[in-house]
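The residues of the chain are indexed from 1 along the displayed sequence. Here the structure is a predicted model, which means the values were calculated and not measured.
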Amino acid sequence: MHSFFIAISLSMFMFTGIASPAATESPLSVDEGVPAYAKWGKMAVKATMAKYPDAEIIDYLYSGNEVKDDSKIEKFKLWLRQGNKEFGVRINIRYHQDTEKVEGITFQETSK
């Protein structure tokens, strides 16, 4: 349980740009020791903030990935608070495995 919160804290530092100088050279760079999905998590958070500008992100979960043909799909679930309402959003980021070019980002709201 503690490692989950440490990962969130580390991720939040990366999202706010307080990470090491290497992390600020490219918006999607990854430092040693940081999970490979971290750059996709950063993208998921930024895309969610753009889609829900009045909401606060209160939790973050990496849900794994899957491979489809030449593409890979990274899956995340973020928990948001907007006013008195709390809800989850599942975010899937599909990208080409060789080029890492994003092919699409989908959002699905959940109540759980």
ILVMFWY network linking I57 to I105, side-chain heavy atoms under 4.5 angstrom: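 Same cluster: I57 reaches I105 through Ile, Leu, Val, Met, Phe, Trp or Tyr contacts under 4.5 Å.
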Mind listing the closest non-hydrogen atom pair of D69 and V67 along with its distance?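 So the two residues come closest at O-CG1, 3.8 Å.
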Return the minimal non-hydrogen interatomic distance between F76 and G41, and the atom names on each side.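 Closest approach of F76 to G41: CZ-N, 3.3 Å.
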With sequence neighbours excluded, what pairs up with Q108 under the side-chain contact (heavy atoms from CB on, under 4.5 Å) test? R90
Could you tell me which residues satisfy side-chain contact (heavy atoms from CB on, under 4.5 Å) with S71, sequence neighbours excluded, listed by chain and number?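 For S71, the residues satisfying side-chain contact (heavy atoms from CB on, under 4.5 Å) (neighbours in sequence not counted) are R94, E103.
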Between [X] and [Y], is any pair of side-chain heavy atoms under 4.5 Å apart?
X   : Y   : result
D59 : L78 : no
D70 : D98 : no
E74 : N92 : no

Sequence neighbours excluded - ring-ring contact (aromatic ring centres under 6.0 Å, His included) pairs with any residue from residues 80-112: W40-Y95, Y52-F87
To the closest 0.5 Å, what do you measure between [atom1] ([X]) and [atom2] ([Y])?
X   : Y    : atom1 : atom2 : value
I93 : M43  : CD1   : CE    : 5.5 Å
K85 : S111 : NZ    : OG    : 10.0 Å
T48 : L80  : OG1   : CG    : 6.5 Å
K77 : I91  : NZ    : CD1   : 10.0 Å

List for me each residue that meets side chain to side chain donor-acceptor pair (under 3.5 Å) alongside [X], sequence neighbours excluded, and say none if there are none.
X    : value
E66  : K75
N65  : Y62
E100 : K39

